[in-house]
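Report on the structure given below.
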Amino acid sequence: MVGVSNVAAAGTEDAVLRLGAMPAHADALCVFVHGRGQSPEEMGEHVIARLRNGSAHVVLPRAQDSVWYDARAVDPLTEQTMAQLQAGLDAIDAAVALAISEGAPGDRVVLAGFSQGACLSLEYALRRPRRLRGLVAFTGCRVGGALRAQAATFLDGLPAYLSCGDADPWIPLGPFFEAAQDLAEAGAALRVEIFPGRVHEVLDAEIAALDAILVQVVAGRAAPGARRGAVA
């Protein structure tokens, strides 16, 4: 994907990075959320630049101090983590609203993220999915471990892709599969992949999965109601 719009304001931590097609000319809107200790620029270079689909407008929100919440996702949910989580969800809302205000298609929104960004994306999908037409979570789980909140809504066939390594240092397989179960029970059309021996990174096969969901959305094949609770 060739970036044609990089309008993050220099020197402002709360600025978003925008890449891909110009908002008013985009066929889809993708919000990509970076992980702990990462930046939108890193995700732009290591993930977004590898996409084949260049028709989406991509918005990458930026966490203060490069961290969305201080705890590990698998730690018990505390009031502090909950407050930080809500702020992260608000940042996704703001990124979507900003892009739509500039002409990006609000009815074709795909939310994606890596690591801590994947965890935040999963929480958003299960708490505030009203605009979503696709979800991609590279190496994520629900936030709060056994105390994670139950899904607040039915996802009604939302295409979702979850991936992880079989021995990831941040996301154990148990919590990963719990997140997958939550999505399936909420009605998502779910695809899950586990990569043996994969380190904490995003593989070409995972990039291809994000590309495929973007193609689905652009082609209008990702409308809610297509499939319910399916797991591939």
Side-chain angles (χ1 to χ4, degrees), residues 5 7 14 16-34 40 43 47-48 51 53 55-63 68 85-114 117-138 140 142-143 149-162 179 182-191 209-230:
S5 175
V7 290
D14 60 346
V16 299
L17 175 66
R18 287 175 276 182
L19 301 170
M22 297 295 290
H25 301 291
D27 292 328
L29 169 59
C30 177
V31 177
F32 196 96
V33 188
H34 68 76
M43 293 295 95
V47 176
I48 306 306
L51 289 173
N53 187 311
S55 65
H57 180 61
V58 185
V59 182
L60 299 96
R62 187 186 309 275
W68 295 107
L85 176 61
Q86 292 296 335
L89 300 180
D90 290 344
I92 294 174
D93 273 338
V96 172
L98 175 64
I100 291 174
S101 73
E102 297 181 345
D107 59 343
R108 295 190 294 277
V109 180
V110 174
L111 177 60
F114 172 63
C119 299
L120 193 64
S121 297
L122 286 164
E123 291 299 328
Y124 188 93
L126 288 164
R127 296 168 183 266
R128 307 182 187 182
R130 55 192 177 276
R131 288 190 180 275
L132 295 188
R133 292 298 177 267
L135 170 69
V136 175
F138 300 138
R142 299 293 306 278
V143 178
Q150 295 301 307
T153 188
F154 189 72
L155 297 179
D156 200 19
L158 177 77
Y161 173 81
L162 273 63
D182 286 352
L183 284 174
E185 290 178 353
L190 181 62
R191 177 186 170 196
L210 174 54
D211 257 323
I213 285 186
L214 286 170
V215 168
Q216 269 189 282
V217 169
V218 170
R221 298 196 301 271
R227 298 163 62 201
R228 295 189 175 192

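As a basis for the values below, the full set of heavy atoms in this structure was taken, side chains included, without hydrogen atoms, waters or symmetry mates.
Applying the side chain to side chain contact (heavy atoms under 4.5 Å, CB included) test between L111 and each of L132, L120, L122 identifies L132 as the sole match.
Listed by chain and number, the residues in a side-chain contact (heavy atoms from CB on, under 4.5 Å) with A112 are F32, V136, L210 (sequence neighbours excluded). For D211, the side-chain contact (heavy atoms from CB on, under 4.5 Å) partners are L51, R52, N53, I207, not counting sequence neighbours. Checked against side-chain contact (heavy atoms from CB on, under 4.5 Å), A26 has the following partners two or more places apart in sequence or in another chain: A21, H57, P105. Residues forming a side-chain contact (heavy atoms from CB on, under 4.5 Å) with A118 (at least two apart in sequence, or on another chain): A137. Remark: Y161 pairs with no residue by the ring pair (Phe, Tyr, Trp, His ring centres under 6.0 Å) rule, at least two apart or across chains.
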Determine whether R131 and I100 satisfy the following criterion, side chain to side chain contact (heavy atoms under 4.5 Å, CB included), listing intermediate values before the conclusion.
CA-CA 11 Å; R131 288 190 180 275; I100 291 174; 3.6 Å; yes

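Shown here for P61 and V33, the closest heavy-atom pair between the two residues is CG-CG2, 4.4 Å. Closest approach of A28 to V217, counting heavy atoms only: CB-CG1, 4.3 Å. Between G134 and L158, the shortest heavy-atom distance links the atoms N-CD1, 3.4 Å. Across all their heavy atoms, P159 and R133 have their closest contact at CD-O, 3.4 Å. F114 and M43 make their closest contact through CB-SD, 4.1 Å (heavy atoms, listed as atom of the first residue, atom of the second, distance). The nearest pair of heavy atoms linking V59 to A99 is CG2-CB, 3.8 Å.
Using a cutoff of 4.0 Å between basic side-chain nitrogens and carboxylate oxygens, R128 and D90 are scored as salt-bridged.
Pairs engaging residues 118-137 under the ring pair (Phe, Tyr, Trp, His ring centres under 6.0 Å) rule: none recorded [sequence neighbours left out].
Residues L155 and L126 have side chains in contact (heavy-atom distance under 4.5 Å, counting atoms from C-beta outward). Counting only heavy atoms from C-beta outward, the side chains of V16 and P40 never approach each other to under 4.5 Å.
The closest donor-acceptor contact from the side chain of R108 to the backbone of D27 lies under 3.5 Å. Of the possible polar contacts, none joining the E123 side chain to the L85 backbone as a donor-acceptor pair under 3.5 Å is found.
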